[in-house]
Amino acid sequence: MGGTYDTAERTWRHLNFFQHETHLHARQPRVQCPSTGFKTVEVPWARPGAGFTLLFEALVMVLAKNGLTATAIAGAWERTTR
């Protein structure tokens with residue numbers, strides 16, 4: 001791989017810190033690869049292209065597994081951020 005071509009500011013929704021809504025902000029580099037062209041470097045806390053951290057996604061999956069609907073999860077999450 002070559003050096004960094006450019007970077008893009010990205011934001012990922014993370015688990016709340018007590019009652020505070022938390023977002024991770026980072027500059028995610030793109031590198032130039034001779035064989036595949038440009039590639040965005042993956043971050044260890046999220047899936048490629050996701051807007052949520054892995055921990056946030058895991059929490060939503062646990063809530064869904066325990067029978068909460070997407071509407072109930074969103075409503076519960078909204079109440080915790082007020």
Side-chain angles (χ1 to χ4, degrees):
M1 292 242 178
T4 300
Y5 176 75
D6 64 4
T7 60
E9 180 74 27
R10 293 281 317 274
T11 302
W12 296 266
R13 179 70 165 89
H14 190 52
L15 299 176
N16 288 357
F17 183 72
F18 295 98
Q19 76 274 19
H20 303 285
E21 190 171 308
T22 306
H23 297 264
L24 297 179
H25 300 272
R27 296 196 64 78
Q28 196 171 14
R30 284 194 317 161
V31 294
Q32 188 170 10
C33 177
S35 60
T36 60
F38 295 102
K39 177 177 176 15
T40 301
V41 175
E42 293 180 13
V43 294
W45 57 82
R47 292 179 301 110
F52 304 96
T53 64
L54 294 170
L55 287 175
F56 186 92
E57 289 183 354
L59 174 63
V60 171
M61 286 189 280
V62 166
L63 295 173
K65 183 179 177 185
N66 287 304
L68 280 134
T69 64
T71 303
I73 293 169
W77 199 264
E78 179 66 28
R79 284 190 297 279
T80 65
T81 60
R82 290 185 186 166

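Each residue takes its place number in the sequence, starting with 1.
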Using a 3.5 Å cut-off and no angle test, enumerate the donor-acceptor pairs between side-chain atoms of residues 23-30 and protein atoms at least two apart in sequence or in another chain.
{"residue": "H23", "atom": "NE2", "partner": "E21", "partner atom": "OE2", "Å": "2.8"}
{"residue": "H25", "atom": "ND1", "partner": "T11", "partner atom": "OG1", "Å": "3.0"}
{"residue": "R27", "atom": "NE", "partner": "T7", "partner atom": "OG1", "Å": "3.0"}
{"residue": "R27", "atom": "NH2", "partner": "T7", "partner atom": "OG1", "Å": "2.7"}
{"residue": "Q28", "atom": "OE1", "partner": "R10", "partner atom": "NH1", "Å": "2.9"}
{"residue": "Q28", "atom": "NE2", "partner": "V41", "partner atom": "O", "Å": "2.8"}
{"residue": "R30", "atom": "NE", "partner": "D6", "partner atom": "OD1", "Å": "2.8"}
{"residue": "R30", "atom": "NH2", "partner": "D6", "partner atom": "OD2", "Å": "3.0"}

Connected via hydrophobic side-chain network under 4.5 Å: L55 and V43:
no

Once rounded to the nearest 0.5 Å, what's the spacing between atom [atom1] of [X] and atom [atom2] of [Y]?
X   : Y   : atom1 : atom2 : value
L54 : L59 : CG    : CG    : 13.0 Å
F56 : N16 : CZ    : CG    : 7.5 Å
T53 : R47 : OG1   : CZ    : 11.0 Å

Does T22 use its side chain to pair, donor to acceptor, with the backbone of F17 at less than 3.5 Å?
yes

Is the number of heavy atoms from other residues, nucleotides or ligands under 6.0 Å of Y5 OH greater than 12?
no

Parallel, tilted or perpendicular: which one describes the rings of W45 and W12, with boundaries at 30° and 60°?
perpendicular

